[in-house]
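Comments concern the structure below.
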2 protein chains.
Amino acid sequence: MKKNCTESPICSKCGNTQSIICGLNDTDKNEISYRKDDGIYKKGDIIFKEGNNAHNLFCVHKGKIKLSKLGKDGKEQIVRFAKSGDILGYRSLLSNEPYHATATAMEESEICVIPKEVFQKIVEDNYKLSLNLIQLLSKDLKSAEQHLIDVAQKTVRERISEALLLLITSFGYLADGKTINVHMTRSEIADLAGTTTETTIRTLSQLSHDGIISLEGKNIVITNHTELIRNTNTYD
Amino acid sequence: MKKNCTESPICSKCGNTQSIICGLNDTDKNEISYRKDDGIYKKGDIIFKEGNNAHNLFCVHKGKIKLSKLGKDGKEQIVRFAKSGDILGYRSLLSNEPYHATATAMEESEICVIPKEVFQKIVEDNYKLSLNLIQLLSKDLKSAEQHLIDVAQKTVRERISEALLLLITSFGYLADGKTINVHMTRSEIADLAGTTTETTIRTLSQLSHDGIISLEGKNIVITNHTELIRNTNTYD
DNA sequence: CATTTTATATGATTTATATCATTATTATTT
DNA sequence: AAATAATAATGATATAAATCATATAAAATG
């Protein structure tokens, strides 16, 4: 559910320096600022749906988003996350396809909505931007392939350990440097690791029992990072 | 093992019209023809290895290639295939990273080897090419994400059915219109479907018993395509 | 604040698939 | 052609994880 926001972020003054939009010149940024719409999405709100026609590029100004696809019997599979500075939907716009996944806000998020034509126009006269998009796609493809191997070959305990590490790289820690900076239900973690809710609950409490993590309400605290990595059974 | 070939294919006269190289102008094609090297790879030959530094773009002129990554305990996972007209290694060249996967010839293959600098130079002054690369990456990412869900959520029988369909879309049929145009061992099919050799053997003979396929020596013949699709348990 | 809903926790049971073991068949090499 | 190696085929057994069932705790809602 999108609502209008009183003060819309201005692209040329956006704090997200790592965003792909930031590499653009001021003319382009101003064009985007002028044409874009701005939306606040509440926790659980759907930003776009898998299979729907793609009309916009989404630029996450603030918040946390999960990208998921529907699998067998409607079971959800989380494919990746997005946070401040990330852009969503560009793949569909570039190849004129429907959205590949469903984007859901994991917490209150502020997202700039840039119309398809504006984005396409800017890509057309920005060779540099197209190279950056290639980098982005390469990165996403690389992690998708890795995720594939993980899910295909690892045990549930290894996959859940991987999932926790992914949450850390995606969202980081709270100020204490050990509490994962995101709230997810056991069921969502299951959708990420490719297992069931019950097994996730059991495995997390095992990890907790083994002193690797600590479950404190909605928070997951990493108490032994080295051991967590060892539990993923990866060597690189 | 690379050998010199007496008559190297000339890019401007290459029959592979679908290749990304074909969209280039004659100047670029001639530059590639002049600078490229040409190699014949025998069945089982490794074209490049996961983790090695990337120095070349590979353009498959003829043959069949499997791209695989090493997973847990050295277990192989096939991530995709390449055939005539496909290019390999471009992702690593564009992002200056080592090769992401190992490329192995599945049968005698003829592959043009284009030096990194030549490719990079051409990408630099070819905006159109960079857009095509984006399309390619998008396509690969899309299928990687689908493959992820398949492996995560489907049963072995469903995954093996998917694997057979992937072989069909990758390599097509022989002239009879029903024999899959590629030879793979049960172990390789297992590496593709993410299961074990024994289970693959059992499942294939079940599919054969159910009249969906027919196992004729090294060949797999699809006798009931509709039923094979139904066995993948996919609806789209 | 009571009530309904949603999330977490654990136990018991089942099942798909891996693993181990052996034999048969088909290729490859000498 | 004989010998060797690689691949395919089956059976028996073990096991990780799903499924089913129920209980408790926490959040959301009227």
Side-chain angles (χ1 to χ4, degrees), chain A residues 42-45 71-77 104 106-108 150-164 182-210 213-221 231 233, chain B residues 42-44 71-77 104 106-108 150-164 180 182-210 213-221 231 233:
Chain A
K42 291 204 304 280
K43 179 175 175 172
D45 281 354
K72 225 179 105 180
D73 311 320
K75 185 166 164 47
E76 198 177 336
Q77 173 75 45
T104 312
M106 299 170 71
E107 58 177 43
E108 175 152 312
D150 293 346
V151 170
Q153 300 189 355
K154 297 194 170 183
T155 64
V156 163
R157 185 173 167 128
E158 289 164 348
R159 265 142 55 197
I160 288 189
S161 301
E162 290 273 8
L164 294 180
V182 68
H183 286 166
M184 284 179 85
T185 65
R186 303 294 190 254
S187 159
E188 281 180 310
I189 297 175
D191 290 340
L192 175 58
T195 179
T196 60
T197 309
E198 296 95 316
T199 302
T200 302
I201 289 169
R202 275 184 252 263
T203 308
L204 284 176
S205 75
Q206 267 173 32
L207 287 173
S208 164
H209 191 265
D210 296 350
I213 64 173
S214 162
L215 301 171
E216 303 180 356
K218 278 203 131 1
N219 285 322
I220 297 176
V221 183
N231 265 272
N233 201 353
Chain B
K42 291 203 303 282
K43 179 175 177 173
K72 223 178 106 183
D73 311 322
K75 186 167 162 48
E76 198 178 335
Q77 173 76 45
T104 312
M106 299 171 72
E107 59 177 40
E108 176 154 310
D150 292 346
V151 168
Q153 300 188 355
K154 296 193 171 185
T155 65
V156 164
R157 185 173 168 127
E158 288 163 350
R159 266 141 56 198
I160 288 190
S161 300
E162 289 273 8
L164 294 181
I180 301 181
V182 68
H183 285 167
M184 285 179 84
T185 64
R186 303 293 191 257
S187 160
E188 282 180 309
I189 297 175
D191 291 341
L192 174 59
T195 179
T196 59
T197 308
E198 296 95 319
T199 302
T200 302
I201 288 170
R202 274 184 253 263
T203 308
L204 284 177
S205 73
Q206 267 174 33
L207 288 173
S208 163
H209 191 265
D210 296 350
I213 63 174
S214 163
L215 302 170
E216 304 181 354
K218 279 203 133 357
N219 285 321
I220 297 176
V221 182
N231 265 272
N233 202 354

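Order of the sequence lines fixes the chain letters, A, B, ..., with proteins taken first and strands second; residue numbering starts at 1 for each chain.
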Which nucleotide in [options] has an atom nearest any side-chain atom of [X]:
X      : options                : result
A:T195 : D:dA12, D:dA17, C:dT10 : D:dA17
B:R202 : D:dA17, C:dC20, C:dT10 : C:dC20
B:R186 : C:dT17, D:dT19, D:dA8  : D:dA8
B:T196 : C:dA18, C:dA9, C:dG11  : C:dA18

| task | Please state whether the phosphate of D:dA18, meaning OP1 or OP2, lies under 4.0 angstrom from any side-chain nitrogen or oxygen of A:T199. | result | yes
* Any side-chain N or O of A:T185 under 4.0 Å from OP1/OP2 of C:dA7? -> no
### Query
Which is true for B:T197 with a 4.0 Å heavy-atom rule: it touches a base, it touches only sugar-phosphate, or it touches nothing?
nothing
In whole Å, what is the span from the [atom1] atom of [X] to the [atom2] atom of [N]?
X      : N      : atom1 : atom2 : value
B:E216 : C:dT26 : CD    : P     : 13 Å
B:E198 : D:dT7  : CD    : C1'   : 12 Å
B:E158 : C:dA16 : CD    : C1'   : 12 Å
B:I201 : C:dA18 : CD1   : P     : 12 Å
A:I220 : C:dT8  : CD1   : P     : 9 Å
B:Q206 : D:dT10 : CD    : C1'   : 12 Å
B:E188 : D:dA6  : CD    : P     : 15 Å
B:Q153 : D:dA17 : CD    : C1'   : 15 Å

Test side-chain contact (heavy atoms from CB on, under 4.5 Å), reference A:R186, set A:D191, A:L215, A:T196, output is A:L215
With A:R157 as partner, the option from A:T195, A:N231, A:T199 fulfilling side-chain hydrogen bond (donor to acceptor under 3.5 Å, both in side chains) is A:N231
5'-most contact on DNA chain D (nearest-nucleotide basis), A:R157 vs A:K218, goes to A:R157
Working note: A:N219 + A:H183, criterion side chain to side chain contact (heavy atoms under 4.5 Å, CB included); need CA distance, chi angles, decisive distance, verdict.
CA-CA 7 Å; A:N219 285 322; A:H183 286 166; 2.8 Å; yes
Q.
I'd like to know whether B:L164 forms a side chain to side chain contact (heavy atoms under 4.5 Å, CB included) with B:L204, so could you lay out the CA-CA distance, the side-chain angles of the two residues, the decisive distance to 0.1 Å, and finally the verdict.
A. CA-CA 10 Å; B:L164 294 181; B:L204 284 177; 4.2 Å; yes
CD (B:Q206) and CD1 (B:I213) are apart, to the nearest 0.5 Å, by 10.5 Å
